[in-house]
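Structure, as structure tokens:
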Amino acid sequence: MASHILPLELIDKCVGSKIWIILKTETELVGTLRGFDDYVNLVLDDAVEYSIDHLTGEETRTDLSEILLNGNNVALLVPGGRS
């Protein structure tokens, strides 16, 4: 029988490691996950925001240091960071 893991358990295993977050707005964040709550509000250290300028098609990068991200904006979480 296959083992089952709940979503919050998987996120908990990512605390202290890199995580890649894709937001509903097509913006992406990469950072070290420091903590989260039941609403998937996330605290990230060494966060970097990646977004696309729709006029030029170029990707912009913004260093954000430490952030608190509202879980309502999260579309996808990828453990291990962005390659």
Side-chain angles (χ1 to χ4, degrees):
M1 183 171 166
S3 64
H4 297 280
I5 186 166
L6 297 173
L8 291 179
E9 291 174 358
L10 180 60
I11 297 170
D12 189 48
K13 289 183 178 191
C14 296
V15 171
S17 61
K18 286 281 189 190
I19 192 163
W20 174 23
I21 302 163
I22 300 174
L23 304 179
K24 294 177 183 177
T25 61
E26 298 178 18
T27 300
E28 300 178 11
L29 293 162
V30 175
T32 303
L33 181 62
R34 289 294 167 220
F36 67 97
D37 63 12
D38 290 343
Y39 301 101
V40 193
N41 296 315
L42 306 168
V43 176
L44 300 175
D45 281 341
D46 304 321
V48 179
E49 176 186 63
Y50 298 92
S51 58
I52 300 292
D53 183 330
H54 291 288
L55 296 176
T56 64
E58 292 183 16
E59 182 177 73
T60 58
R61 175 191 161 118
T62 307
D63 292 323
L64 299 173
S65 183
E66 182 179 57
I67 64 167
L68 171 61
L69 178 64
N70 185 315
N72 288 331
N73 298 316
V74 174
L76 180 68
L77 298 171
V78 182
R82 184 179 189 222
S83 45

Self-check item: Minimum heavy-atom distance I19-C14, with the two atoms named
Solution: CD1-CB, 4.5 Å

Quiz item: What is the minimum heavy-atom distance between G16 and R34, and which atoms define it?
Solution: CA-NH1, 3.7 Å

Self-check item: Distance, nearest 0.5 Å, that separates CD1 of I52 from OG1 of T60
Solution: 7.5 Å

Quiz item: For T27 and S51, does a side-chain donor sit closer than 3.5 Å to a side-chain acceptor?
Solution: no

Quiz item: Hey, what do you get for CH2 (W20) to CG (L76), rounding to the nearest 0.5 Å?
Solution: 7.5 Å

Quiz item: Is the number of heavy atoms from other residues, nucleotides or ligands within 6.0 Å of CG (D63) greater than 12?
Solution: yes

Quiz item: Is V30 linked to L69 within one hydrophobic cluster, defined over Ile, Leu, Val, Met, Phe, Trp and Tyr using a side-chain heavy-atom separation of less than 4.5 Å?
Solution: no

Quiz item: To the nearest 0.5 Å, how far apart are CD1 in I67 and CG in L44?
Solution: 4.5 Å

Quiz item: Would you say I21 and I11 are hydrophobically clustered, going by side-chain heavy atoms of ILVMFWY under 4.5 Å?
Solution: yes

Quiz item: Linking I/L/V/M/F/W/Y whenever any side-chain heavy atoms sit under 4.5 Å apart, do Y50 and V78 land together?
Solution: yes

Quiz item: Under the side chain to side chain contact (heavy atoms under 4.5 Å, CB included) criterion, do T25 and N73 qualify, and how do the steps go?
Solution: CA-CA 8 Å; T25 61; N73 298 316; 5.9 Å; no

Practice problem: Measure the OG1-CD distance between T32 and E66 for me, rounded to the nearest 0.5 Å. | Solution: 11.0 Å

Practice problem: Identify the heavy atoms of E26 and H54 that sit nearest to each other, and give their distance. | Solution: OE1-CE1, 3.7 Å

Quiz prompt | CD on E59 to CD on E28, rounded to 0.5 Å | solution = 7.0 Å

Exercise. Indicate, with yes or no, if L64 and L77 share a hydrophobic cluster defined by side-chain heavy-atom contacts under 4.5 Å among Ile, Leu, Val, Met, Phe, Trp and Tyr.
Key: yes

Exercise. Consider only side-chain heavy atoms of I, L, V, M, F, W and Y, link residues closer than 4.5 Å, and tell whether L8 and V15 are in one cluster.
Key: yes

Quiz prompt | L42 vs V40 side-chain heavy atoms within contact, under 4.5 Å | solution = yes

Quiz item: Is it the case that more than 12 heavy atoms not belonging to E58 sit under 6.0 Å from its CD atom?
Solution: no

Self-check item: Distance, nearest 0.5 Å, that separates CG of D12 from CG of L6
Solution: 11.5 Å

